[in-house]
Structures are given as structure tokens and as C-alpha cells.
Protein chains: 2
Amino acid sequence: MDEVMIAQVRRFNRVVTQQVGALTDRFLARDRPLGESRLLWEIGSGSDGRDVRSLRTALDLDSGYVSRLLRSLEASGLVTTERSPADRRVTLARLTEAGEAEKDVLDERSDELATQLLEALNEGQRDRLVAAMAEVERLLTAATVRIAPADPEDPAARHCLRAYAAELNERFETGFDPGRSIRADAADLRPPAGLLLLATLHEAPVGCGALKFHGTEPAELKRMWVDGSARGLGVGRRLLAELERRATAAGAPAVRLETNAALTEAIALYRSAGYVETDAFNDEPYAHHWFEKALPPG
Amino acid sequence: MDEVMIAQVRRFNRVVTQQVGALTDRFLARDRPLGESRLLWEIGSGSDGRDVRSLRTALDLDSGYVSRLLRSLEASGLVTTERSPADRRVTLARLTEAGEAEKDVLDERSDELATQLLEALNEGQRDRLVAAMAEVERLLTAATVRIAPADPEDPAARHCLRAYAAELNERFETGFDPGRSIRADAADLRPPAGLLLLATLHEAPVGCGALKFHGTEPAELKRMWVDGSARGLGVGRRLLAELERRATAAGAPAVRLETNAALTEAIALYRSAGYVETDAFNDEPYAHHWFEKALPPG
DNA sequence: TCCATTCTCTGACTCTAGTCAGGTTTTTCC
DNA sequence: GGAAAAACCTGACTAGAGTCAGAGAATGGA
């Protein structure tokens, strides 16, 4: 890695944590511990109440700690809690009117902070700053996406596979019925028969991709999907590259896939990654295009 | 201010402080309180020792607190302190060999963190991230520069005025002797005769600019200077705009200035800000060009 | 010389943040 | 139905971060 780049990243980290980080904290904490403000903010204005479990994972806090913070917010009249009717073990937290007002104040202060930052700049600088911030945010998010194998029965993986099917059903002119399509069960996507890669951002699943191995025959690419919120971050490309690496490692001479004409971005991705359209190598009813890419010998 | 911009800045703040801030802290604190690591880092590798006072202002910490942190670092053998020979009230802190080694470890971890961030991206994304980070850093720094009037005898102002003279002396072919130039004493740059604006980044002075008023005659622009470290941030332009605003407020119909041909960036700035070259209106020996700009009636 | 100021240190605190080990109530799975 | 797991809560702690008042030594200015 280039030293100049590393130095730039470090300088950025220092400047940003000092200027933005410190300010943000100072603005958020107003006569109240920072933890409480953050929790207040995170509970947000959902009318249904936010379950404590999701608060814990979102803020990465100890369950006892969150419980105590909630008690304290309740004591100040900013939050109410109740047990969920659906599962009476889980607690739902909800902002009171005073809590909403307090959150609005935090919002305002946050806006104020941002405005103050922008005000010192002229219009051209402002535009460039905002554009650069968007770029940094996007790429930092992209850099945070982790790709790792997962079991197809794992809840996060199942979420992705369901979302995949739902999206196909929405986008295909004919809809999509998994029963009519060539099957790829959990067992097919689990080593040694195949494998499934999961892309996660923080703890949330944002994409997947799978392989079915066929010994010394080409491996089949399956279940490529990226969540809408994570598109444009290069997740698909990274999944594809990692799948190819693993196919090579498993001894496959090539990767094959079939796809539907409605999936234009996917097709563009395959082409730009070096996949070449070939004759149909199976009778998948939903497919319009078949692609193949030779792998370097592993 | 545009709502979209504000929203982007806020999103940036959230994402970046979470990802960068949290990581940085985690990396810096290794079996040692974060405060100590930060202090260790800030003391740095100067062979002369760092005076405790400057550490306090740099980290914005209570004097008692810093003292305690230093004791603790001393106890771990990472730092030595001694009284300054010049002023035996001030303490100088210096890293021991073990302290240097520890700082190197922190450096390495910081590099590692940056590398890890970049590694998840492909080459194109990496280049774009680094470029955007540089832009954000630069503009964030620019936005942090504050411009305010100051007394010409104030230490920070004197620093700027000295630096101004030193730079002219260096850049003018003939050198610069303030005695031969038209005078602008402290009294001339203090209301109501005139005024001095100071640009500061955090607490450090990085630029200045002054006006001498002449009743209903054009005001004279004097002592425009920007520190090398702050060039390219639009500080000069902001100083100029603010001086014009204040000249208008003081009832001046125009602003005039003379300048030397060696100061090419300054001349470019004046032209692009709407200044027009005129005949010589004084006999300043160091001047090659005279400019004037009409002000809107205040 | 003497008085105000500067610089640092110490002691005595407070508060926030966070951890850990149970314990209770529900729910789920077999 | 019963055991295991999940979700949350409480109590008891620890450590870090920081504040404040005051003391002592050195310095600078009148």
C-alpha cells in the first residue's frame, strides 16, 4: 500500500475525529450523559416503539447498561417502556412527548453544527466539501462491508436468500416461483457440495452469492444478490471476485451462470468481469442468457 | 443553507465518527488509558522536550490532570521530565527509549488501521477515497479558520505582522526595510483610525489583513498576509471580503492598495476580487502596482 | 525589594461508562 | 410437560476522565 495514501488517511482521521467528533459529542450532550442522548436519539420516533434488543446491537452496549440508561430516561420522563404484546419477554421503548421535544432539540443542534461548518465556506468550497463528504462516506461504508462464508441455514443467510427470491419475483415479467426454477437447496450450497458467501455491513446482511461445485466441470454461480441500500459500493464485484477465488481453490476450471434479461446491472457486471455469453448449458426456465468465464488453474 | 447539504454533513459526521473515531480509539488504547496514549503521542520525539503548557493547550486538558498523566507515564518508564533551564517554573517532558518504542507501536497500529481500511477497496475506489479525504480535510480545516478583529499589539497579531515583514524581505528582490516603507503603526491599525483582522486556526494565527481609514476618502488595505501552512484554503479571500465589509460599514467609498510585482498570488487575488489597477496614488517605494475597488454604499 | 502572576503539582472529589454475575419471566423446542 | 434458551433487569463493582481548590516555587514588573 502506498505510504502517501496511508499518511493521508491518518491525517484525515486525526483532523476529522478532532473537529467533527469532539463537536458532535459536545453538541449531543446537553446536561445529560452522552450515553443517554445517544440512546434517546436511537429510540427515535417510531410509533410502535423500539425493541431494546435492537437498541443494544445498534449501539453495541451491554444489556444491563442499556437497561439502566432506559430507567434513567424514564425517570426524566423522556421515555416510556412496555412489554411487547407479541413476545412478552421483549421490552419496547418509546419517546414521550417530552422525549420527542428533546430529540428535536438534538436534531436542531446537529443541524446547527452542520450549518456552522458550512457557513465559513464560500459556495464553491461548500459544494466541493459536500461532494467529497458524500464520496468519503460512500467509500468508507464500502470498505466496512465484510465478505465471509456462511451456512445457508444461518438467519442472515436466509434473509438474503428470501430477499433474492422476492426481488426476482418482483422484477421478472413472469414473476418468480422457486419451485419451477432449478433447485439450489441449503445442502447444495454447503461445503463440499458448494458454498455461500455473505456480505455484511456492521451486523446487517447486505448481499450474498453462492457456488455449486461439479468436480472438474465448471462451477455454477447462484444466488447473487445485493441489497438496494448497498448498491454502488462494489459489493457485487467483490462477491464475484471472492467466489471466483474460491472456485479456483476448489479446482473448478471455470464458472458458469444463467441469468434473466431483467437483471441488467448483473449482466453488465458479469460482462465487465470477463464473462462471455455462451449457449444454454441447462434448461432453467427463467434464464435468457448463459455466461461462462475460464479460471486460471489453481 | 441547503437542507440536502446539511443532511449530507450530518450523515458524514455520523458515519465517520462511528467508524473512524471508534477504531482510532481502540487502536490507540492498548492496555493503557486512552489519555496516556494521546499524551505520549503528543509529546512526540522532539529532542528538546515538550513543555507541559503546550501539551495542555494542544489536548485541552486540565493542568492537574496532565500532571497526573505525566506521573503515570513516568512511573511506567516511558517519559522523563525536568525543569526548563530557561524558566524553571516550566516542566519539559521527553520520551525515554521505551517511550519512543511505544510511540512507534502506536504509529504502526495507526498505519495498520489505515491499511486495513484501504485494503477492502479496489484500486480505483482507493484513489477516489484518498482524494476525497484530502479534500474533506482541506475544506474542514478551511472551515475552522476564524476571522476576527484583534489589537495590533496582541501577541498573535505581532507574530503575523513580523511574519509579514519577514516574508516581504525574503521575496522582494531588493529586500524589505519597514523604515523605508510608508508607515502603518499599531495606532494606525486600531479603531477608529483603522483596524486589523486576524485569521486563526484553532489557537494559532495563520493570517492577517488591515485597513487604514481616511474618512470619506478610500480606505487603504495593508498588511495582507497568509501563513504558508494555510494557503489554498481561501483565507486571503475571506480576509479581503471581511475587510471590504468593514470598510463599507465605516463609510469608505472604496478600498485602495499598493503591491509589489513579486506578490503574484496576491495580485491575482485582488484582480479576481474585482480590484482594478489604477495610477499610483502614493509614493510607496516598494510598490509596482496600485489597485482600487469601489464599494457599494453602506 | 515586594507583590502579582505564572506554572506546576497534590489531594480530594464527582460522574460517566462499562463489566459481570446472577435472577425472573417468557418462549421455544423436543 | 419440562428443559433449554431468550430477553431483560438488578446489584455490586471497577476504571477512566475530568474538576476544583489550594499550595509552593520561580519569575517579572513597579
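Reckoned from all heavy atoms, side chains included, excluding hydrogens, waters and symmetry mates. Lettering of chains follows the sequences in order, A, B, ..., and the numbering in each one begins at 1. None of these values were measured; they are calculated from a predicted model.
With rounding to the nearest 0.5 angstrom, the CZ atom of R94(B) is 10.5 Å from the CD atom of E100(B). Taking NE2 of H159(A) as the start and CG of L198(A) as the end, the distance is 9.0 Å to the nearest 0.5 Å.
The pair R32(A)-E102(A) meets the salt-bridge criterion, since a charged nitrogen lies less than 4.0 angstrom from a carboxylate oxygen.
Between the side chains of R146(B) and T200(B), no donor-acceptor pair of N or O atoms lies under 3.5 Å.
With sequence neighbours left out, A101(B) forms a side chain to side chain contact (heavy atoms under 4.5 Å, CB included) with no residue at all. Remark: R83(B) engages R88(B), T91(B) in a side chain to side chain contact (heavy atoms under 4.5 Å, CB included) (not counting sequence neighbours). The side chain to side chain contact (heavy atoms under 4.5 Å, CB included) test applied to D51(B) returns R53(B), S54(B), L92(B), not counting sequence neighbours. Residues satisfying the side-chain hydrogen bond (donor to acceptor under 3.5 Å, both in side chains) criterion with S67(A), sequence neighbours excluded, are absent altogether. R190(B) is linked by a side chain to side chain contact (heavy atoms under 4.5 Å, CB included) to D151(B), P152(B), E153(B), A186(B), counting only residues two or more places apart in sequence or in another chain. K212(A) is linked by a side-chain hydrogen bond (donor to acceptor under 3.5 Å, both in side chains) to nothing, counting only residues two or more places apart in sequence or in another chain.
For the helix from dT1(C)-dA30(D) to dC30(C)-dG1(D), the angle separating the two terminal helix axes comes to 20°, with each axis derived from five pairs and the value rounded to 10°.
Contact annotation: T91(A) side-chain N/O to dC9(D) OP1/OP2 distance is under 4.0 Å.
DNA chain C lies under 4.0 Å from at least one heavy atom of each of the following residues of residues 69-90 of chain A: D87(A), R88(A), R89(A). Only at 4.0 angstrom or more do the heavy atoms of residues 32-41 of chain A sit from any atom of DNA chain D, so none qualifies. Within a heavy-atom distance below 4.0 Å of DNA chain D, the residues of residues 52-63 of chain B found are L61(B), D62(B).
Within 3.5 Å, a donor on the side chain of R68(A) pairs with an acceptor on the base of dG11(D), or the reverse.
Within the structure, salt bridge (Lys or Arg N to Asp or Glu O under 4.0 Å) contacts touching residues 69-78 of chain B (residues at least two apart or in different chains) are R71(B)-E74(B).
In this structure, the side chain of T144(B) engages the main chain of L140(B) through a donor-acceptor pair within 3.5 Å. Remark: side-chain polar atoms of S76(A) are not paired, donor with acceptor, to backbone N or O of L78(A) under 3.5 angstrom.
When DNA chain C is scanned in the 5' to 3' direction for atoms under 4.0 Å from non-hydrogen atoms of chain A, the outermost contacting nucleotides are dT16(C) to dT27(C).
The two residues A199(B) and I147(B) have their closest heavy-atom pair at CB-CG1, 4.0 Å.
Applying the 6.0 Å contact sphere to CZ of R158(B) captures no more than 12 heavy atoms from other residues, nucleotides or ligands.
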